[in-house]
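Atoms considered below: every heavy atom in the structure, side chains included; atoms not considered: hydrogens, waters and symmetry mates.
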Amino acid sequence: MLKDLMSIKSTKKDLRKFGVISAVILLIWAGIFFRQNKGFYFWFFIASFLALLLAIIVPAVFKPVFLVLNFLVKAISALVAYFILGIIFYLVITPIGLIVRLFGRDFLDRKFSRKASTYWIERRDIKYDKSRLEAQF
């Protein structure tokens, strides 16, 4: 994960985009608060204007916030990925495996047979041509 954090690019263009997006989000919040007749909507308008101004003039101001938010996004995405994979494993794959074992099915044919001289499975003769090699599946 540290490698991912080190690979976060924070060029002037990226920071400028982040600043403009922040200004738009603050402007949307100001609009929402204005429609709800909240008295502090004006401060969000000012913050939006300042964020836009800073994004155009000095985008490096946004670098600390940009890096912290990227760290949080990467950490949350890693946790969510493991959580979703765990749910899929325990709610889908494990029950299928238990049902298959219950019915005694062995898809990999792993049973040992003393009578077998080999476990090699003969392939049927297949005509090899260029089209078969290009469309493998």
Side-chain angles (χ1 to χ4, degrees):
M1 184 151 176
L2 186 59
K3 193 184 337 176
D4 290 337
L5 292 176
M6 300 305 283
S7 68
I8 295 172
K9 48 180 200 167
S10 58
T11 62
K12 214 173 194 181
K13 184 179 179 183
D14 294 326
L15 294 173
R16 187 167 283 132
K17 281 183 192 177
F18 179 73
V20 170
I21 290 170
S22 299
V24 169
I25 290 172
L26 287 169
L27 188 64
I28 290 171
W29 280 359
I32 290 171
F33 292 140
F34 177 74
R35 285 188 54 96
Q36 294 176 351
N37 293 324
K38 303 286 184 184
F40 51 86
Y41 71 90
F42 184 71
W43 295 108
F44 281 90
F45 278 122
I46 292 173
S48 173
F49 176 73
L50 288 176
L52 185 62
L53 193 65
L54 287 173
I56 294 170
I57 298 172
V58 190
V61 171
F62 292 102
K63 189 170 184 172
V65 177
F66 181 78
L67 292 176
V68 167
L69 288 178
N70 271 308
F71 172 77
L72 289 174
V73 165
K74 290 194 184 274
I76 291 170
S77 67
L79 289 174
V80 168
Y82 286 126
F83 181 72
I84 289 173
L85 286 173
I87 286 175
I88 290 172
F89 182 78
Y90 287 111
L91 294 181
V92 176
I93 296 173
T94 301
I96 290 173
L98 292 174
I99 291 170
V100 166
R101 281 189 183 183
L102 184 66
F103 288 112
R105 181 70 192 228
D106 186 16
F107 292 116
L108 297 178
D109 198 25
R110 297 175 298 164
K111 294 179 182 165
F112 181 73
S113 173
R114 293 188 189 271
K115 295 178 185 176
S117 61
T118 182
Y119 288 102
W120 187 264
I121 300 172
E122 290 291 327
R123 282 185 65 180
R124 54 185 162 84
D125 290 330
I126 299 173
K127 179 184 170 194
Y128 293 103
D129 59 350
K130 185 178 178 183
S131 65
R132 177 166 167 73
L133 296 175
E134 290 175 353
Q136 296 179 18
F137 302 102

Legend entry - I57 reachable from L54 in the ILVMFWY side-chain graph, under 4.5 Å edges: yes
Legend entry - Hphob cluster co-occupancy, V100 + V92, side-chain heavy atoms under 4.5 angstrom: yes
Inset, instruction - Mind listing the closest non-hydrogen atom pair of K111 and G104 along with its distance? - result: NZ-O, 4.3 Å
Legend entry - Hydrophobic cluster (4.5 angstrom, side-chain heavy atoms) - remaining members for Y119: F112
Inset, instruction - Following the transitive rule for hydrophobic clusters with a side-chain heavy-atom cut-off under 4.5 Å over Ile, Leu, Val, Met, Phe, Trp and Tyr, establish whether F103 and F107 coincide in one cluster. - result: no
Legend entry - side chain to side chain donor-acceptor pair (under 3.5 Å) partners of residues 13-34, not counting sequence neighbours, each pair once: T11-D14
Inset, instruction - State, with a plain yes or no, whether a side-chain heavy atom of F18 is found less than 4.5 Å away from one of V65. - result: yes
Legend entry - ILVMFWY cluster, L72 and L15 together (side-chain gap under 4.5 Å): yes
Inset, instruction - Measure the CH2-CG distance between W43 and L50 for me, rounded to the nearest 0.5 Å. - result: 10.5 Å
Could you give the side-chain donor-acceptor pairs of residues 75-91 under 3.5 Å, partners two or more places apart or in another chain?
unit_1	atom_1	unit_2	atom_2	d
S77	OG	V73	O	3.1
S77	OG	K74	O	2.9

Inset, instruction - Answer yes if F62 and V68 sit in the same cluster of Ile, Leu, Val, Met, Phe, Trp and Tyr residues linked by side chain heavy atoms under 4.5 Å apart, and no otherwise. - result: yes
Legend entry - Spacing of L27 atom CG and F45 atom CZ [to the nearest 0.5 Å]: 6.0 Å
Legend entry - Atom pair CG (L26) and CZ (F33), whose distance is rounded to the nearest 0.5 Å: 10.0 Å
Legend entry - Point-to-point distance, once rounded to the nearest 0.5 Å, from OG1 of T94 to CD1 of I99: 11.0 Å
